[in-house]
Protein chains: 2
Amino acid sequence: MSKAERTREFIVEKTAPIFNVKGYAGTSISDLTEATGLTKGSIYGNFENKDEVALAAFDCNYKKISSYLKAEMDKHSSYKEKLLVHASFYENFFKAPFPDGGCPILNTAIEADDTHPQLRERASEAITSWKSKIMELIKKGIDNKEFRSDVQLEQTAISLIALIEGGIMIAKLTGKLNYRKLIMQSVEKAINDLT
Amino acid sequence: MSKAERTREFIVEKTAPIFNVKGYAGTSISDLTEATGLTKGSIYGNFENKDEVALAAFDCNYKKISSYLKAEMDKHSSYKEKLLVHASFYENFFKAPFPDGGCPILNTAIEADDTHPQLRERASEAITSWKSKIMELIKKGIDNKEFRSDVQLEQTAISLIALIEGGIMIAKLTGKLNYRKLIMQSVEKAINDLT
DNA sequence: TATATAAAATACCGATCGGTATGTTTTTGT
DNA sequence: ACAAAAACATACCGATCGGTATTTTATATA
């Protein structure tokens, strides 16, 4: 691993939470130099421009949540338990190892959908791939006789994601623990209803 | 109505969609002068600063959607039909009279939750008031024997909002009509399950 | 250890940022 | 119709924006 590669990773690691908190437009180059202790010359020596840092930051933030999900799912054998990881995913969203600022998919989606095609595409792909993953789990659960055979695959998957993301927004916005609890119960209920 | 009041409203009306599309940090004063055809002096003659325009813009965007909801609900007599307005609300969200840029509550929540306390508070109040309105409708529906008596009032209300807001994010982000349709069906199903 | 090379710091660029002080033009009440 | 006041335009402010050219420092290799 070369010096340049290490510095690149260092910059991304330090600045990813900033982009997630302040957004793309709200994050300045001086935010990046302050967070890293490096200078502009160093940032621009390792990245083409601000866009490239932002994209790498999204990838970093996204990887944190997707690898958490995968690792937690691997701990369970039944497909119902794997799906239920989404409830704890949601419950723990505001603690480590999740990045500050809430869900990076949601944050990026809202800011970039009308303004930044590249970031938008990243977020869009994340949603689609998440949906596919859930559909796959449900399908295997059906084959495995864990779930009913008449479950609406795609509708269940995409609606579960909508519920979780909407729930993250509400919980973070209002700070009300009770809202978080209630929505988490709905997530659990939606999964229990598959059986 | 004085000239100043008319100009103030004119500025808000013209700039509200810009704030909703570009966000607070992404909208500049020159965006405001371009959209209105006015000059900086005129903007700052009617508003203290950028913040004040942004807050008025949020109020304007929020009023558009809340008055739509109220007007549509008033067209129906049963509480189930009133609640089902949320499905058409969601289905029509990307056409007039809804402001460009998606749901202003959602947009403001995501950008402002860590960065702008005043805007955050506006969005937070909007969610809480929306939840109360839904709870009230369900309660009346229960008293009216339209809905089951064991419905979880607050959980149903807050989860319905989460589903809708998450759905708006996904639909706008991916542009996939099928996702929108599927989530809308989930909204309808959640309401039908109250009976 | 000397030298070539890569990486980081410095210093600077024009443009735009949010905001203001000062004119000039329109309203407004009489 | 007129003066006072309000509204709007112009011109400008320092600060910061994203980005670059150049110089200094660190690293790798012979």
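Every value quoted in this text rests on a predicted model; they were computed, and no experiment measured them. Residue numbers begin at 1 in each chain, while the letters A, B, ... track the order of the sequences.
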query = Distance check: side-chain N/O of B:Asn46 vs OP1/OP2 of D:dA7, anything under 4.0 Å?
reply = no
query = Whole-Å distance between C:dA7 C1' and A:Ile11 CD1?
reply = 11 Å
inquiry  = Tell me which pairs pass side chain to side chain donor-acceptor pair (under 3.5 Å) where either residue lies in residues 14-23 of chain B, with sequence neighbours left out.
reply    = B:Asn20-B:Asn107, B:Lys22-B:Asp31
inquiry  = Can you list everything that forms a ring-ring contact (aromatic ring centres under 6.0 Å, His included) with B:Phe98? Sequence neighbours excluded, please.
reply    = B:Tyr68, B:Phe89, B:Phe93
note = side chain to side chain donor-acceptor pair (under 3.5 Å) filter on A:Arg122, not counting sequence neighbours, yields A:Asp59
query = Does the ring of A:Tyr24 carry A:Lys50 above it, NZ/CZ under 6.0 angstrom from centre and within 45° of its axis?
reply = yes
Can you give each donor-acceptor pair under 3.5 Å made by side-chain atoms of residues 176-183 of chain B, sequence neighbours left out, with the distance rounded to 0.1 Å?
residue: B:Asn178; atom: ND2; partner: A:Glu154; partner atom: OE1; Å: 3.3
residue: B:Tyr179; atom: OH; partner: A:Lys131; partner atom: NZ; Å: 3.2

Name every donor-acceptor pair, under 3.5 Å, that has one atom in a side chain of residues 188-195 of chain B and the other anywhere in the protein, sequence neighbours excluded.
residue: B:Lys189; atom: NZ; partner: B:Asp193; partner atom: OD2; Å: 3.3
residue: B:Asn192; atom: OD1; partner: B:Lys80; partner atom: NZ; Å: 2.9
residue: B:Asn192; atom: ND2; partner: B:Glu188; partner atom: O; Å: 3.2
residue: B:Thr195; atom: OG1; partner: B:Asn192; partner atom: O; Å: 2.8

task = Report, as a single string ordered 5' to 3', how protein heavy atoms within less than 4.0 Å touch nucleotides 9-30 of chain D: B base, S sugar-phosphate only, - not at all.
result = BB------SBBB----------
query = Using the C1' atoms of the five pairs at each end, what is the angle between the end axes of the helix from C:dT1-D:dA30 to C:dT30-D:dA1, to 10°?
reply = 30°
query = Does a side-chain N or O from A:Thr7 land closer than 4.0 Å to OP1 or OP2 of C:dA8, or not?
reply = yes
request  = Please list, chain by chain and in numerical order, all residues satisfying side chain to side chain contact (heavy atoms under 4.5 Å, CB included) with A:Lys70, sequence neighbours excluded.
outcome  = A:Asp74
key: Residues in ring-ring contact (aromatic ring centres under 6.0 Å, His included) contact with B:Phe147, at least two apart in sequence or another chain   = none
Nearest-angstrom distance from the residue atom CZ of A:Phe10 to C1' of C:dA7 = 14 Å
